[in-house]
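Each residue takes its place number in the sequence, starting with 1.
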Amino acid sequence: MTTAAVVRDPALPEAVTIYEVGPRDGLQNESAIVMLDDKAEFIGRLVAAGLPIVEATSFVHPKWVPQLADAAELVAKLPLDGPTPLPVLVPNERGLDRALEAGCSHIAIFGSATETFAQKNLNASLDSQFAMFEPVVSRARDAGLDVRAYVSMCFGDPWEGEVPIDQVVTTGKRLLDLGATQLSIGDTIGVGTAAHVGALIDAFGAAGVGVDRLAMHFHDTYGQALANAYAALQHGITTFDASAGGLGGCPYAESATGNLATEDLVWMLTGLGIEHGVDLEALVRTSVWMSGVLGKEPASAVVRALGSQAD
């Protein structure tokens with residue numbers, strides 16, 4: 001298989017963590033229903049390929065995300081006590097109850113940096129979402145669970161336009177103050193640019209939130225995801241969300257296209273000499289397989305380039 005040439009930049013981090021979101025954020029926006037056994041195999045393949053964290057599913061009401069209606073059945077098939085964390089997204093206390101019943105030890109909540117998206121996605125206001133999340137985070141931490149917080153619409157909102165940086169920072173800090181251990185900053189509709197990424201990370205730093213508590217979650221709507229990831233690396237970010245094959249989007253934001261493809265990120269990191277621990281060949285084979293399951297071509301440029309070599 002063709003490999004990337006390595007040129008190490010000592011100004012960049014030596015290693016990063018890739019937070020794989022394909023089984024949850026990737027599949028939730030796919031119209032073709034993926035069978036339970038295929039989801040379990042997908043997760044197993046991703047773990048075997050060396051992804052250090054694989055977000056498995058979401059305990060959301062099946063009315064809102066039918067693709068993930070089998071969350072409890074899927075989690076029952078997974079090695080929750082294994083070395084690879086398999087987080088689940090929980091939208092509210094009922095979702096937390098289901099996660100606890102299933103034996104999950106890592107959860108995530110999903111907040112909004114804008115009023116309109118909060119109303120449409122959470123049925124809450126920008127301010128009242130924190131009251132909804134507070135008992136979820138509190139109960140989860142009391143039960144010994146790790147809690148991650150996503151904050152969406154951090155760079156732009158399809159209804160409100162550009163989102164003020166201070167509004168994003170205020171929202172993110174409030175989610176962290178509830179007790180979340182990490183904040184994933186989402187470019188939900190993919191409008192972010194490299195300079196904007198740097199300015200937002202710097203603003204969090206000025207507000208006392210270090211890069212060790214931040215992750216970046218990019219979408220490739222305007223082809224900027226890798227450039228934005230590189231800008232984040234330059235500002236010290238070491239955790240990146242990515243989706244195998246570039247699967248996913250956002251079911252609540254019609255203009256959003258796929259997530260940053262894990263393979264494309266791995267290729268770039270490899271070329272930069274940054275450790276990531278992922279077996280690219282195994283990952284490409286996994287995405288080629290999932291493309292067959294879904295009956296569609298992968299969005300990842302690296303998968304398209306290397307897929308035939310991985311057969």
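A donor-acceptor pair under 3.5 Å is absent between the side-chain atoms of D146 and the main chain of H106, judged by distance alone. E263 places no side-chain N or O within donor-acceptor distance of the main-chain N or O of V303, the cut-off being under 3.5 Å. Of the possible donor and acceptor atoms, one in the side chain of S152 sits under 3.5 Å from a partner among the backbone N and O of G111. In this structure, the side chain of E101 does not engage the main chain of A99 through any donor-acceptor pair within 3.5 Å. Remark: the backbone N or O of A244 is paired with a side-chain donor or acceptor of T262 at under 3.5 angstrom. Within the 3.5 Å criterion, the main-chain N or O of E115 finds a donor-acceptor partner in the side chain of E160. Of the possible polar contacts, none joining the S138 side chain to the E134 backbone as a donor-acceptor pair under 3.5 Å is found. With hydrogens and angles disregarded, a donor-acceptor distance shorter than 3.5 Å links the side chain of S287 to the backbone of G245. For D70 (side chain) and E73 (main-chain N/O), no donor-acceptor pair under 3.5 Å exists by modelled atom type.
The two residues V6 and G273 make their nearest non-hydrogen contact at CG1-CA, 3.7 Å. Taking each heavy atom of T286 and R45 in turn, the nearest pair found is OG1-CB, 3.4 Å. Annotation for I165 and A203: closest pair CG2-CB, 3.4 Å, computed over non-hydrogen atoms. Taking each heavy atom of M153 and A113 in turn, the nearest pair found is O-CB, 3.8 Å. Counting all heavy atoms, side chain and backbone alike, L175 lies closest to Y150 at CD1-O, 3.9 Å. In plain terms, the two heavy atoms of G236 and V211 that are nearest each other are O-CG2, 3.6 Å.
In this structure, the side chains of L89 and I107 stay at 4.5 Å or more apart for every pair of heavy atoms. Within the 4.5 Å cutoff, the side chain of H235 has no heavy atoms near those of the V197 side chain. With a 4.5 Å cut-off on side-chain heavy atoms, L260 and S243 do not count as touching. Side-chain atoms of L74 and I43, non-hydrogen and from C-beta on, do get closer than 4.5 Å to each other. In this structure, the side chains of V47 and E20 stay at 4.5 Å or more apart for every pair of heavy atoms. L122 has its side chain out of reach of F117: every pair of non-hydrogen atoms, C-beta onward, lies at least 4.5 Å apart.
Shown here is D279, whose CG atom has more than 12 heavy atoms of other residues, nucleotides or ligands within 6.0 Å.
F59 does not carry R98 over the face of its six-membered ring by the limits of under 6.0 Å from the centre and within 45° of the normal.
Atoms NE2 and CZ, on H196 and F155 in that order, are 5.5 Å from each other to the nearest 0.5 Å. Note that the CD1 atom of I53 and the OG1 atom of T239 stand 7.0 Å from one another [nearest 0.5 Å]. For the atom pair CZ of F204 and CD1 of I185, the computed distance is 4.0 Å after rounding to the nearest 0.5 Å. Note that the CD atom of Q167 and the OG1 atom of T170 stand 8.0 Å from one another [nearest 0.5 Å]. Rounding to the nearest 0.5 Å places OH of Y19 at 4.5 Å from CD of E55. Taken from CG in N92 to NE2 in H61, the straight-line distance is 10.0 Å, to the nearest 0.5 Å.
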Query - Check against side chain to side chain contact (heavy atoms under 4.5 Å, CB included), V75 and K77 - result: CA-CA 5 Å; V75 169; K77 287 178 168 285; over 6 Å; no
Report task. Check the pair R148, Q182 against side-chain hydrogen bond (donor to acceptor under 3.5 Å, both in side chains), reporting the backbone distance first and the verdict last. Result -> CA-CA 5 Å; R148 184 189 220 219; Q182 185 179 71; 2.8 Å; yes
Query - Verdict with reasoning, T171 to F130, per side chain to side chain contact (heavy atoms under 4.5 Å, CB included) - result: CA-CA 9 Å; T171 302; F130 303 104; 3.9 Å; yes
Query raised in the report: Would Q67 and E30 count as a side chain to side chain contact (heavy atoms under 4.5 Å, CB included) if you check the C-alpha gap in whole Å, the side-chain angles of each, and the deciding distance to 0.1 Å?
Result: CA-CA 7 Å; Q67 182 71 263; E30 294 295 328; 3.8 Å; yes
Query - Test side chain to side chain contact (heavy atoms under 4.5 Å, CB included) applied to T188 and D157, step by step - result: CA-CA 8 Å; T188 314; D157 178 292; over 6 Å; no
Requested in this report: Walk me through it: do Q129 and S112 pass the test side-chain hydrogen bond (donor to acceptor under 3.5 Å, both in side chains)?
Outcome: CA-CA 8 Å; Q129 65 178 323; S112 173; 5.3 Å; no
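A salt bridge is absent between R304 and E297: the closest approach of a Lys/Arg side-chain nitrogen to an acidic carboxylate oxygen does not fall below 4.0 angstrom. Under a 4.0 Å N-O distance rule, the pair D241/R24 does not qualify as a salt bridge.
Checking each of E281, M1, R285 against L306 for a side-chain contact (heavy atoms from CB on, under 4.5 Å) leaves exactly one that passes, namely M1. A side-chain contact (heavy atoms from CB on, under 4.5 Å) with L269 holds for exactly one of I18, V278, L280, D264; it is I18. Each of N259, N228, D187 was checked for a side chain to side chain donor-acceptor pair (under 3.5 Å) with H219, and the lone residue meeting it is N259.
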